[in-house]
Each structure stands twice: as structure tokens, then as C-alpha cells.
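Below is one structure; the comments refer to it alone.
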Amino acid sequence: MNLNMKKIRTRFAPSPTGFIHIGNLRSALYAYLIAKSQGGDFILRIEDTDQMRLVPNAEKIIYDVLKLANLRYDEGPDKPGEYGPYVQSQRKEIYHDKAFELIRNGGAYFCFCQKSDIAESKDKLHRGYDRKCRNLDENQVKKNLESGMKFVIRQKMPLEGKTSFTDTVFEQITIDNSELEDGILLKSDGMPTYNFANVIDDHMMHITHVVRGCEYLTSTPKYNLLYKAFGWEIPEYVHLPLIMGKNSDGSVTKLSKRAGSVGFEELIQDGFLPEVIVNYIAFLGWCPKTNREIFTLSELTKEFSTQRIRKSPAIFDYLKLAWLNNEYIKNKTPKEFAEIIKVYLKNNLFDAVKIAKILQSRVSKLSEIPELIDFIYEIPKFSKELFINKKSKTNFENALVILENALESLKEIQSWTNDKIYNTILQVAEKLNLKNSAIMWCIRISVSGKTVTPGGASEILDILGKIESINRIENALNMLKGIKG
RNA sequence: GGCUCGGUGGUCAAGAGGUUAAGACACUGCCCUUUCACGGCGGUAACACGGGUUCGAUUCCCGUCCGAGUCACCA
């Protein structure tokens, strides 16, 4: 790194709306990666200037999500730094001062129009505010202010010319100034709009790289005009391609509550591992030089480069996320996985590590677990038709013989281990001159009551233990004999 | 509608002025097998369209079409 270069500082600036959706989190991730890959700082700032949308407890959710995702910030509301406070509602005075400074230097003006008036003055094409107050004479402004009229402060846009800037990802962007509205900087409740606060804060917090979704691409010239009006240096922009969701009608739109409905916490609830979500979203809009797809956060930090960020949007794919989740699950030791699935187990009467082992290759979302293993805790009522299997050639008659013989041999087993159980079953098959799978099938049905189970017959017997296994097989036998068990 | 951006299989996504246009997910065939998975080996499937530039364009340029974003006292 060039020693003359400023230390990189990026920020994640969410609104406390009660949840963090995946698109936001990806912005946070990239901001983190950009800073950390070059030894920079990552800052958290809460943008709570919309008093109408405040959600109680929402700040905590932000902290929790970042913690789970392991995106550690160097400065934030709960981690004081040099440029606080890091919550916008606590910076009201700063914005106020800056807005007035802008009025003094001609970059902004008071507007006394009512919201309702403006709505009427808009033409059919929604061209925005008609700039009625832009040239109010000073005395009138003074009078209005003194009489306590509500006001708003608007940015004074150049009426002609163009504004361009260079984005790290999208390169040169040019917008006609005539497209720019005299947007509101300070609202009538004294709070700044995002458009104003983000510029003030990014500058005052020494943010060097503004990383955000490209929905902000076309409003960036407005911000640059603000920087210019203050005489401030414009930061580097890294606008990210949008993450899209598929709607039920097949159309594709920006990921939101309506489309795709993915919040980070929701995915966790669903049973996706936090590190998997991070790994997956890193690959939505970026990829490394190689074909490798599994990366830890610190590996991503080493590999990340803004040069490889794509411009085109990506659709969020649950299926691929599920695949990745399963890859991670398979890579864990049974003991590690047992720890993770603890909360999904009904009780601890059965060995969690053994259960973990049979689940690892079969689970893509943790939330699938209870249904997969319910039979362990309580065997469901099942029909004896389940004993009929074409492929293993089992039917009521031979099932009866199989179970009787298996029961006898299993009872003999002293050390109840998977290997021992497995070999015993093979011996039964040999003795009866039947396929292994015939014996396996009948036993598995007997102890699980299901045609599809995680794990095979011997693993299940191993988990259930000798007493429970024998008991279940006896019950099955009775059922086959027509005696109600 | 104006403005801005984008367009490689269904999805993610490499790629390069000349390639048999990678890889992954999904789908699918076979093998393995103790059901289902896992694993192994295969398969189907893509450069939106039309003009240029060029010996040669999917790659560069222009137009068309399609898609998305934005146009709030939301961020």
C-alpha cells in the first residue's frame, strides 16, 4: 500500500427499520471487505432521521446481525471513535448548522411551501418541485421566519450544464443538471433527509469509499454538488449491482419485503448458517479469479477486489444457498454439527453425535431436521403395506420370517455398535438366502415407520439402542401377525 | 414517460478480436448403495436482435428490443 494514501474508511449506514435485508447486508459485506482488504476501518452509522419509520429495538437487531455475520466495525454507536456520534438523530445540530451555512453561501434556500401545495403544482410527469421559493426576496424570508412559518431547506441546483463523476464499478456517469430537483435537505421537523445527512456524515467521518447499492447511482450527482458547495473532497464511489428477487408472477425486482422477502434473520431462522449467507452473498455480483466457491470471511478479505465487481444485477437463489449450506454442514465434524443441531433435538435420550452424523449429508437447511428425525423420539403409526418393497423383494410373508430371524440374532448382540449390527444383519441375509437390502428394509420400516429415513437400518438401530430397537421390531412383528401391538 | 445502468444456458458466473464458449447450482442418465442422501462418471442447455469496424466478432461502435433502477419532508 502506498504510504501517502489516506487510510481507507468505509461505512455501513442502515436505517433501523427492524430488519436487515440481504441486499443491505451485501453492501455491508463489500464495504467491510474493501476496508479490511487494505487495512482500513469499517464504520457503522445508524440513519434514523425518518421519525415516522422508527421501529423500537431495531438498532439492536442491526448489532446482532453484524455480530452474527462477524462483520466487526471499528467505530459505531456502541463503539465510540473520533467522529461520533454515530447515530444521525444525535447529530441534528450539525446538520442544522451545515444547512444554514449552505444558505449563506448560496447553495440552498428556505422554502415555505406546503407539501400539499406542491403535490398540486406537479405536472403530469411528476416533474417535482416548481422552485417557487428559490428566489424569494430576503425580507420576505425574514418575515416568514419571524412569524414562525414552517420551512424546509432546499438544495439550489444548477439550472443548466451537466454533472459527471467516475464510479469504481460503473465508470463514467453523466447527468444533466436539468434532471436534478431542488431537493429537500432539512425537513420541517428539523431532521435532515438522507440526501443531506449522508453527505455531511461521510465527509465529517472521513469516509473515503462510499459503498452502496446502485439505486443511488443517479442521485449521486446531487451529493457531489453538495460536496462542491462546501468545498469538500468527493469520496470514491463503489456502487453495487442490485440483488434481485423473483416475484410470484415470475417478474424480477429489487430484493425487498415484497419480492423475495429475505431478511438475514429470517434466513437464520430457516436454518442457514451465518457464515454461509455471508459466503453466498459475496458471490452475488463478484467472484474471485479461480473457480473456488467456499470462502471464509478472512479468505474473502484476502481475495476481494473491486475490479471484479460486476455491473449486472443478480437474482438471489435459495437453491444455491441451500447447496452451499449443505457443503458447510458436510465439512463440519459430527461433533461440531451435533452442537449446532442441539436446539432441534426433542430430548437428549439419544446420542446427538450419532444423529448429527446421519444428518450431515442430508440436511441443507437446519429447519428440516425435526421432521427428518421425529421417528427417533416417537415411532409414527404406520401401515404394514410399507413392508412391501419391489426392489428388495419383500412382502408380508417374508417380512415375517425376516423379522423373526433378525430379532433372534439381534438379541444375541452383546456390544451394540453399528458395525456389529450391520454384520449381524448380513449374516441373517445369508442364512435366509435373501438380499441384504431385504433384511435392511424390513428392519428399517419396523423401527422408523417410514420408507425414507436419514441413515440406514444399522445406524438407526445404533442410535435407538438395543432395548428400544428390539421393542420396536417386536411391535412390528405383532402387527404383521395381525395382533394389535 | 424522462434520465441512468444493464443483457453469456432456468440461476450464479468465467472468458476473450480467432476457444470444442470454463466452472457451480438446478434438471437429467448411469454407477455405487442399507431407504434417502453422499460420492464417482456422463448428458441437455447460453453469447437478445439488426447494422457497421475488421481477414475475422459473442467480445469494439451504432441502432432496436428487452430488463432493472430512479424521478418522496424514505433511505
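It should be emphasised that the depicted structure is a prediction, and the values quoted were computed from it without experimental measurement. Naming convention: chains lettered A, B, ... in sequence-line order (proteins, then strands); numbering from 1 in each chain.
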Listed nucleotide nearest any side-chain atom of [X], set [options]:
| X | options | value |
| --- | --- | --- |
| A:Leu319 | B:rA68, B:rU35, B:rA26 | B:rA26 |
| A:Thr193 | B:rA75, B:rG6, B:rC12 | B:rA75 |
| A:Lys320 | B:rG69, B:rC12, B:rC36 | B:rC12 |
| A:Thr453 | B:rU35, B:rA13, B:rA24 | B:rU35 |
| A:Ile173 | B:rU11, B:rC38, B:rC5 | B:rC5 |
| A:Pro313 | B:rG6, B:rA75, B:rA26 | B:rG6 |
| A:Thr253 | B:rA13, B:rU33, B:rG69 | B:rG69 |
| A:Arg362 | B:rA37, B:rC12, B:rA14 | B:rA37 |

Assign [X] to base, sugar-phosphate, or nothing according to its heavy-atom contacts below 4.0 angstrom with the strands shown.
| X | value |
| --- | --- |
| A:Val252 | sugar-phosphate |
| A:Ala457 | base |
| A:Gly285 | sugar-phosphate |
| A:Glu459 | base |
| A:Ile184 | base |
| A:Phe316 | nothing |
| A:Thr451 | base |
| A:Lys450 | nothing |
| A:Thr174 | sugar-phosphate |
| A:Asn195 | base |

Report summary line: Judged by whether its glycosidic angle lies within 90° of 0, B:rC38 is syn

For [N], does the base pair up with any side-chain atom of [X] as donor and acceptor (N or O, under 3.5 Å, distance only)?
| X | N | answer |
| --- | --- | --- |
| A:Arg444 | B:rU34 | no |
| A:Ser15 | B:rA75 | no |
| A:Lys289 | B:rA14 | no |
| A:Glu179 | B:rU4 | no |
| A:Ser188 | B:rC73 | yes |

Just N and O in the side chain of [X]: are any of them under 4.0 Å from OP1 or OP2 of [N]?
| X | N | answer |
| --- | --- | --- |
| A:Thr49 | B:rA75 | yes |
| A:Lys222 | B:rC71 | no |
| A:Arg308 | B:rG15 | yes |
| A:Lys330 | B:rC38 | no |
| A:Lys187 | B:rA75 | yes |
| A:Arg310 | B:rG7 | no |

Base paired to [N] (Watson-Crick or G-U; both N/O distances under 3.5 angstrom):
| N | value |
| --- | --- |
| B:rG7 | B:rC65 |
| B:rA57 | none |
| B:rA13 | none |
| B:rU35 | none |
| B:rU20 | none |
| B:rC41 | B:rG29 |
| B:rA72 | none |

Can a donor-acceptor pair be found between the side chains of [X] and [Y] at a distance below 3.5 Å?
| X | Y | value |
| --- | --- | --- |
| A:Thr220 | A:His239 | yes |
| A:Tyr95 | A:Asp201 | yes |
| A:Ser392 | A:Asn389 | yes |

Query - Row check, A:Tyr129 ring normal vs A:Arg131 NZ/CZ: under 6.0 Å, within 45° - result: no

Requested in this report: Identify whether NZ of Lys or CZ of Arg in A:Lys98 sits under 6.0 Å from the centre of the six-membered ring of A:Phe196 and within 45° of that ring's axis.
Outcome: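 No; the conditions do not both hold, so A:Lys98 does not lie above the ring face of A:Phe196.
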
Query raised in the report: Is A:Tyr422 stacked on the base of B:rU34 when the test is centres under 5.5 angstrom and planes under 30 degrees?
Result: yes

**Report entry** A:Lys420, NZ: over 12 other non-hydrogen atoms inside 6.0 angstrom
**Finding:** no

Query raised in the report: For A:Lys156, does the NZ atom have more than 12 heavy-atom neighbours from other residues, nucleotides or ligands under 6.0 Å away?
Result: yes

Query - Of A:Ser458 and A:Phe283, the one whose closest RNA chain B nucleotide lies more 5' - result: A:Phe283

Query raised in the report: Atom CZ of A:Phe295 and atom CG of A:Asn279: how far apart are they, to the nearest 0.5 Å?
Result: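 Spacing of CZ (A:Phe295) from CG (A:Asn279) equals 8.0 Å.
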
